2 protein chains.
Amino acid sequence: MNFYSPAQASQRSGFSLDTLRYYEKIGLLAGVARDSAGRRRFSDDDLTWLRLLRCLRDTGMPIAEMLRYTELARAGEHTAAERRALLEEHDRRVAEQIDLLSRQREHIQWKIGIYRELTAPAPAADPVSA
Amino acid sequence: MNFYSPAQASQRSGFSLDTLRYYEKIGLLAGVARDSAGRRRFSDDDLTWLRLLRCLRDTGMPIAEMLRYTELARAGEHTAAERRALLEEHDRRVAEQIDLLSRQREHIQWKIGIYRELTAPAPAADPVSA
DNA sequence: ATTTGACCTGGAGCGCGCTCCAGGTACCAG
DNA sequence: CTGGTACCTGGAGCGCGCTCCAGGTCAAAT
C-alpha cells in the first residue's frame with residue numbers, strides 16, 4: 001500500500017491540487033486518508049479511481065454524471081449493471097464524438113487543401129523564413 | 001442568390017437564433033443583409049461561412065481563434081498563408097483530440113468488459129426487463 | 001527560534017459560450 | 001382594426017468546471 005502526497009497525486013492524475021480538493025468536496029472522491037496534520041495521503045486505489053475520473057472527463061462526461069456513477073459505485077455490487085449501462089451509454093456518445101470530429105476534420109483538411117493551391121509552392125511551415 | 005430567414009439559417013447551420021445574433025455582434029459573421037424592416041436575410045455565402053464556423057466549433061476551436069481567422073479572411077488574399085497555418089495547427093490539435101478520445105475509449109471499454117464478467121450472462125441492454 | 005514550504009479550509013471569483021429577457025417593430029390573416 | 005408571429009435591440013444572467021484567495025497549521029531545515 002503506497003501513499004502519495006497531494007502534489008504527487010496531482011502529477012500522476014493530471015488534475016490540479018485545487019481540482020483534487022474540489023472533487024473531494026463535491027463527492028467524486030471519498031475516503032481519502034489524512035496524516036496526523038490533516039494532510040491528504042492518496043492511496044493506490046485513490047489513484048486508480050482518479051485515472052478513471054480522468055478518462056471520463058477527457059471523454060466529456062459531465063461532472064453530474066460522474067457523480068451518479070460514483071454514487072452507484074459506492075452503493076455496492078448490486079449497482080454493477082446500472083454502472084455498466086451508464087458506461088455503455090457514454091461509450092456510444094464517445095464513439096459519436098470521434099465520428100463527428102473525424103468528419104469535421106475532413107472539412108478542415110479540404111479547406112487546407114484549397115489554401116495549399118492558393119498559396120502555391122508552400123514555403124515550408126516557417127512563416128518567418130521570408 | 002438565395003436568401004434565408006434567421007429561422008432557416010438557424011436550422012441549416014445548427015446554431016440557435018441567439019447564437020447567430022451573438023456571432024454577428026462579436027464579429028464572427030459580418031455583412032449580413034437586412035430587409036426593409038431590418039430583419040436579417042442570410043445569403044448562401046453566409047451559410048457557407050456558418051458551415052465553416054460550425055466545423056471549427058465542433059472541433060473545439062475557441063471563439064477567440066475563430067475571430068482571428070475571421071479577421072484574416074476579411075483582410076484579404078495576402079493572409080491566405082497565415083490562415084492555412086492556423087487551420088493546419090488546428091488540424092493537428094483535432095488529430096490529437098481524436099487520438100486521446102480513442103485511447104480513453106479503450107479504457108472505458110476495458111471497464112465495461114469487467115462489468116460484463118461481473119454482471120454475468122448479460123440480460124440484453126434493457127434495465128427494465130427484469 | 002525562525003524561516004520556508006507544502007498543505008489546510010471556506011468561500012469568492014472567473015472565463016467561456018451562450019441564453020434569456022423586456023420592450024419594441026413590421027407584416028400578414030381574419 | 002385586432003391578433004398573432006417572427007423578428008429586432010441592448011444588456012443581464014447563467015451553467016459549468018474549475019481557480020484563486022486569505023488566513024492558518026504543521027514539520028523539517030538553518
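The structure displayed is predicted, hence computed values, not measured ones. Sequence lines set the chain letters: A, B, ... in the order given, protein chains first and strands last, and positions in each chain run from 1.
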TODO: Identify whether the distance between the nearest side-chain nitrogen and carboxylate oxygen of A:E89 and A:R68 falls below 4.0 Å.
DONE: no
TODO: Describe, in one word, how the ring planes of A:W49 and A:Y69 are oriented to each other, choosing from parallel (under 30°), tilted (30 to 60°) and perpendicular (over 60°).
DONE: parallel
Open item on the list: Assuming nearest nucleotide by heavy-atom distance, tell me which of B:A37 and B:A64 is located more 5' along DNA chain C.
Closed with: B:A64
TODO: Please report, rounded to the nearest Å, how far the C1' atom of D:dG17 is from the CG atom of A:L20.
DONE: 14 Å
- [ ] Could you work out which one of C:dC18, D:dC8, C:dT9 sits closest to the side chain of B:I63?
- [x] C:dC18
Open item on the list: Starting the side chain at C-beta, find the nucleotide from C:dG17, D:dC8, C:dT9 nearest to A:R21.
Closed with: C:dT9
- [ ] Using the closest heavy atom to pick a nucleotide of DNA chain C for each, name whichever of B:T19 or A:R41 lands nearer the 5' end.
- [x] A:R41
Open item on the list: What's the closest nucleotide to the side chain of A:D18 if the choices are C:dT19, D:dC20, D:dG17?
Closed with: D:dC20
Open item on the list: For B:Y115, run the side-chain hydrogen bond (donor to acceptor under 3.5 Å, both in side chains) check against A:E88, A:E82, A:R83 and tell me which one passes.
Closed with: A:R83
- [ ] Kindly compute the distance separating CZ (A:R57) from CG (A:L50), expressed to the nearest 0.5 Å.
- [x] 13.5 Å
Open item on the list: On DNA chain D, compare the nucleotides closest to A:P62 and B:A7; which residue's is nearer the 5' end?
Closed with: B:A7
Open item on the list: Side chain of A:R34 only, heavy atoms from C-beta on: which candidate in D:dT9, C:dC8, C:dC7 is closest?
Closed with: C:dC8
- [ ] Grab the CG-C1' distance between A:L53 and D:dC18 for me, whole Å please.
- [x] 15 Å
TODO: Round to the nearest Å and state the distance from A:L67 atom CG to D:dC16 atom P.
DONE: 12 Å
- [ ] Quickly work out the A:E65 CD to D:dC16 C1' distance and round it to whole Å.
- [x] 15 Å
Task: Out of D:dG17, D:dG11, D:dC8, whichever nucleotide has its closest atom nearest the side chain of B:K25 - done: D:dG11
- [ ] Select one nucleotide: of D:dT19, C:dC8, C:dC18, the one nearest the side-chain heavy atoms of A:Y22.
- [x] D:dT19
- [ ] Taking atom CD of A:Q11 as the centre, report whether more than 12 heavy atoms of other residues, nucleotides or ligands fall under 6.0 Å from it.
- [x] no
TODO: Have a look at B:F15 and say if it touches a base, only the backbone sugar-phosphate, or nothing, with a 4.0 Å heavy-atom cut-off.
DONE: nothing
Open item on the list: Of the options D:dC26, C:dC8, C:dG17, whose atoms approach the side-chain atoms of B:R57 most closely?
Closed with: C:dG17
Open item on the list: Here's a test of your reading of the structure: between A:S16 and A:S36, which maps to the more 5' nucleotide of DNA chain D?
Closed with: A:S16
